[in-house]
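Per chain, numbering begins at 1; letters A, B, ... match sequence-line order.
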Amino acid sequence: MKKLIDAVDDVVLDAMRGMAAAHPSLRVDLEQRVIVRSDAPRTGKVGLVSGGGSGHEPLHGGFVGYGMLDAACPGEVFTSPVPDQILAATTAVSGGAGVVHIVKNYTGDVLNFQMAAELAEDEDIEVVPVVIDDDVAVQDSTFTAGRRGTGATVFAEKIAGALAESGGALADVAGVAKEVNERSRSFGVALTACTVPAAGRPTFDLGEDEIELGIGIHGEPGRERVGLRTAIEIVDAALSAIDEDMPLSGSEVLVMVNGMGGTPLMELYGAYAAAEKWLAGHGATISRRLVGNYVTSLEMAGCMISVCRLTPRLTELWDAPVETPGLRWGR
Amino acid sequence: MKKLIDAVDDVVLDAMRGMAAAHPSLRVDLEQRVIVRSDAPRTGKVGLVSGGGSGHEPLHGGFVGYGMLDAACPGEVFTSPVPDQILAATTAVSGGAGVVHIVKNYTGDVLNFQMAAELAEDEDIEVVPVVIDDDVAVQDSTFTAGRRGTGATVFAEKIAGALAESGGALADVAGVAKEVNERSRSFGVALTACTVPAAGRPTFDLGEDEIELGIGIHGEPGRERVGLRTAIEIVDAALSAIDEDMPLSGSEVLVMVNGMGGTPLMELYGAYAAAEKWLAGHGATISRRLVGNYVTSLEMAGCMISVCRLTPRLTELWDAPVETPGLRWGR
Amino acid sequence: MDTYAWMVRFAELVSADAERLTRLDSAIGDGDHGSNLDRGMRAAAEALSADLPPGKVLMTAGRTLVSKTGGASGPLYGTALRRAGKALGDASEVGAVELGAALRAALEGVQELGKAEEGDKTMVDALAPAVTAYEAAAGEGLAAAARAALDAAEKGAEATVPLQARKGRASYLGPRSVGHQDPGAASTVLLFRALAETAASS
Amino acid sequence: MDTYAWMVRFAELVSADAERLTRLDSAIGDGDHGSNLDRGMRAAAEALSADLPPGKVLMTAGRTLVSKTGGASGPLYGTALRRAGKALGDASEVGAVELGAALRAALEGVQELGKAEEGDKTMVDALAPAVTAYEAAAGEGLAAAARAALDAAEKGAEATVPLQARKGRASYLGPRSVGHQDPGAASTVLLFRALAETAASS
Ligand SMILES: Nc1ncnc2c1ncn2[C@@H]1O[C@H](COP(=O)(O)OP(=O)(O)O)[C@@H](O)[C@H]1O
Ligand SMILES: Nc1ncnc2c1ncn2[C@@H]1O[C@H](COP(=O)(O)OP(=O)(O)O)[C@@H](O)[C@H]1O
Ligand SMILES: [Mg+2]
Ligand SMILES: [Mg+2]
Ligand SMILES: [Mg+2]
Ligand SMILES: [Mg+2]
């Protein structure tokens, strides 16, 4: 394993030290392991908290700031944060108007956020959890853990963050996050596996001529292993799976062509060109987009495509100013 | 070779197609292979053009926009652009006040830009080239090709772009770019090699326990191959080499901890924490910084540290609004 | 029953087997179960002291697991131990019957929280048969009951191999989860191995 | 001397050897010399036609190389061929002596632009001795002179192996550039191989 790290056990803490040093707009608490907007809590503002395993940078810590998250709690690499952390983030941003938890749908995340919410209620902080489950690669069923939360998390954090920034009420902020989740789908593809520092070796082995379709963002294998394909074929597989689950024809969409960490931007732009063509051929119009690394899986090569069917209100909230280390416009 | 591409020969063109589709603020000419601000040329504004081999994204195409470059000409992967391309970019942005060429110091880049400048002079466009040569890993000498241009290119493009945007004259825009170059140094380290699509296999082989110190950004091997080191040791090697060449004690500096493409942001933040500590211990203060992938070498793992000794004027120009796909603040 | 010795031994076994647990989790999960549980149980063992009452030992271990582990296993193991500790109450001595009730409470806690049934390919597949076997053998004394529980846990964990997962990360793999042992079931075996060893030597 | 046949043959040889040239460039450069020159010479061969005057053939090939190749080799090879073509002027027939002058002009163009001396481990190390050898043998006729130039180019390219580079990308490697053949010198050998073959068959 070759990584730019010091001690395997300190990677998350060292990254947080770097965030603290690099971003004066953030308050980084190394003890509690939370990253908080330096102006939090703001009285009367609904707090927006997210968190999850580390290794998906810039998600979530890189999305803390004006118009997006109020706090993030990074767990160990690919491991949900613990309730204490989530509680610390929740109290740090509570301005009396309640706190929304954006939770990616993984058993660990759901359970730890649930425990934290109970603890927060004990401190009289109203918490509304919104669970993101946009990954169409996973068959949905009430008998299973359900779909994973992946790329749509960025959409939900940005759009709910804009509403919270403009003074939206607790139910509305949670509501718009849920609406984004319902209108969004994602599908990811891996060309290589990634290596969790503590594990020291790649999570799975992929042959030189193989790729994984339907991967998650935690280095877990996907739903199908197939032969190497072209970018056009990969984009087709991803968008077909999304379109089958949520017909896109006739929609104005927000599209994210997201790198998993180890794929050059050049290739992501190539994939975006293919996605644009595919969508145009299927009656959908891209009106907003992100191309780059937003929800990564350490140094995994590959990409994930996320699509959100916009409404005029969602577009307006998307366009609202945002100022975070990972996403910035309008100020 | 596993890449998210279609045909090996079309990777640059496909990426440009994606840029064109994703960024309405850019005019992308696939025929001429140039990426131009959509409001160019602006009468009376000094034009700022850069270019070089592709594979360093977001450099340079991702830095075209308000407050930075007016145009970029991407060559084939790791191959300098041709004079025709550079001439097309130069004429596209010429508003009568002259054009500055930001050229990274590689024989190919220098020769192709030089030929383009001669052609532009034939069309009565005054061109001033500024050669960036900030890489301390290369021994400087008048008998050799001299030092490579690497990370300082981002600094020069941002700062000269701000001056050009605010109406600076040709000599001043070129002058400030030169000043930035003179006050900047870089040093890079590779943990893995990268694979040029057309070559199909890694440019060099690195053992599981080896790293390359003093790499360039074109997948070329570095100046020394050593055993695997910790992030703190790697940062020390880079900053010591910089400090030896350009003493940093007493300076306010702009620092970039730049990923080469395949290293997770998490690790770059860890390296930034180490850099901040090193600099504080050597009497320098970081007053501005970038942490992320800005000048990459395809999917190479590793990082490059760039340092610029700021002046109040350079800081002011650095802080000026910029709106490009790869760098954005203030609007 | 020395619950302190049990927990310390569990921590040791997890530490020794962390790599294997992580490898199991790499195959059908995200490759962190060993390091998760090891981090949690290290912290738990440190938080404990031999002079705490037996129930308090388990509650403290559980609370520490919740606070330090993360992932799915943190809340699940944490809840299991907290519930078990709660069931023991303030008693200063724990016999075979009391421990049986505690184990049953642990299982209930895990199922309440995680909603997994037997056959879903989770830790429940080792825990549930272990608790049932323990109860069946409780009349023969602590050591025998613990031994029976370990046997049942081992069989239960082994039996997860051919199953398709319906809970946890492995469920994302669908049919591809078949053919691998569930890491949480494997670590549950260690919990009962620690119990059997402690009971045998007391 | 049929400059059209020469250029077409050069393009063929480059195409056939592109992988080797790229491999040489990977060792001490950035791994693109073969694909660069191949891209350039393909375009050049397409731009040419057999009915152009000999000088015009070389000028067109040179201009196309400049426009299509990129990298260091584009301007350098492009300038070499343009200068050679210019030296030939409008002549409809090219003899051994005229070609010698053209080759000398090519070398001067490369050195003017690239500032490399012999021994700097560049294409000049093959080109310069080739031109000198050609001139020395020009009295024996085109075929013999071209053959002598090829031999000298080959020796020159081989002699770059122990050198430390002072120009081009390989110079960044310092002492580590020793022990590898310069890719541009290797492709220069192909230029003279094409010349020798063309001259022999005409
Ligand atoms: N809903 C659930 N009920 C019971 N056990 C579960 C459930 N979900 C997951 N598990 C257990 O947790 C184990 C995984 O733990 P771990 O790897 O530490 O957490 P994570 O899955 O969050 O990475 C699985 O092997 C399984 O035994
Ligand atoms: N200053 C120079 N003078 C003469 N030849 C040079 C010079 N610099 C580089 N070369 C030649 O160019 C070759 C490399 O060409 P190529 O790989 O196509 O371009 P690049 O170095 O830009 O990638 C070298 O092997 C060398 O022979
Ligand atoms: Mg996990
Ligand atoms: Mg090159
Ligand atoms: Mg796991
Ligand atoms: Mg080259």
Can you tell which of Pro24(A), Ala231(A), Gly55(A) has the highest number of heavy-atom pairs within less than 4.5 Å of chain B? Ala231(A)
Top contributor to chain A contacts, counting heavy-atom pairs under 4.5 Å, from Asp209(B), Asp6(B), Thr230(B): Asp6(B)
Considering only heavy atoms, which portion of Val291(B) lies under 4.5 Å from any heavy atom of chain A: side chain, backbone, both, or neither? side chain
Please identify, among Leu4(B), Asp14(B), Ile232(B), the residue contributing the most non-hydrogen atom pairs under 4.5 Å to chain A. Leu4(B)
Working to the nearest 0.5 Å, report the span between CD1 of Ile35(B) and CE of Met19(B). 4.0 Å
Under 3.5 Å, is there a donor-acceptor pair between the side chain of Ser306(A) and the main chain of Met256(A)? no
Measure distances from Pro325(B) to the heavy atoms of chain A and classify the residue's part below 4.5 Å as side chain, backbone, both or neither. side chain
With only heavy atoms counted, which part of Val189(B) is less than 4.5 Å from chain A, the side chain, the backbone, both or neither? neither
Atom pair OG/OH of Ser54(A) and Tyr269(B) - distance to nearest 0.5 Å: 13.0 Å
Heavy-atom side-chain proximity of Leu290(B) to Val154(B) below 4.5 angstrom: yes
Checking heavy atoms, do the side chain of Leu191(A), its backbone, both or neither come under 4.5 Å from chain B? both
Out of Met300(A), Glu233(A), Glu210(A), return the one with the most heavy atom pairs under 4.5 angstrom to chain B. Glu210(A)
Would you please say whether a donor-acceptor pair under 3.5 Å links the side chains of Ser50(B) and Glu157(B)? yes
From the list Ala273(A), Gly262(A), Gly270(A), Ala21(A), the residue making the most non-hydrogen contacts under 4.5 Å with chain B is Ala21(A)
For Lys2(A) and Gly207(B), indicate whether the former's side chain and the latter's backbone hold a donor-acceptor pair under 3.5 Å. yes
Given that the side chain runs from C-beta out, which part of Ile5(B) has a heavy atom under 4.5 Å from chain A: side chain, backbone, both or neither? both
Got a donor-acceptor contact below 3.5 angstrom from the Thr203(B) side chain to the Cys194(B) backbone? yes
Chain B heavy atoms under 4.5 Å from Val77(A): which part of the residue, side chain, backbone, both or neither? side chain
Report which part of Met1(B) has an atom under 4.5 Å of a heavy atom belonging to chain A: side chain, backbone, both, or neither. backbone
If we define contacts as heavy-atom pairs under 4.5 Å, which of His23(B), His56(B), Met16(B) has the most with chain A? His23(B)
Closest-packed option against chain A by number of heavy-atom pairs under 4.5 Å, given Glu299(B), Arg229(B), Arg288(B), Arg289(B): Arg289(B)
Looking at chain A, which one of Ala20(B), Gly61(B), Gly330(B), Ala22(B) has the largest number of heavy-atom pairs inside 4.5 Å, strictly under? Ala22(B)
Measuring from atom CD of Glu224(A) to atom CD1 of Ile211(A), what distance do you get when rounded to the nearest 0.5 angstrom? 9.5 Å
Taking Met266(A), Glu57(A), Glu323(A) one by one, which has the highest count of heavy-atom pairs under 4.5 Å against chain B? Met266(A)
Among Arg17(B), Lys277(B), Lys3(B), Glu276(B), residue most engaged with chain A (heavy-atom pairs, under 4.5 Å): Lys3(B)
Is the backbone N or O of Val34(A) less than 3.5 Å from a side-chain atom of Asp29(A), with the two atoms forming a donor-acceptor pair by type? no
Give a yes or no answer on whether the side chain of Ser240(B) reaches the backbone of Asp236(B) with a donor-acceptor pair at less than 3.5 Å. yes
Relative to chain A, which segment of Leu206(B) carries a heavy atom at a distance below 4.5 Å: side chain, backbone, both, or neither? both
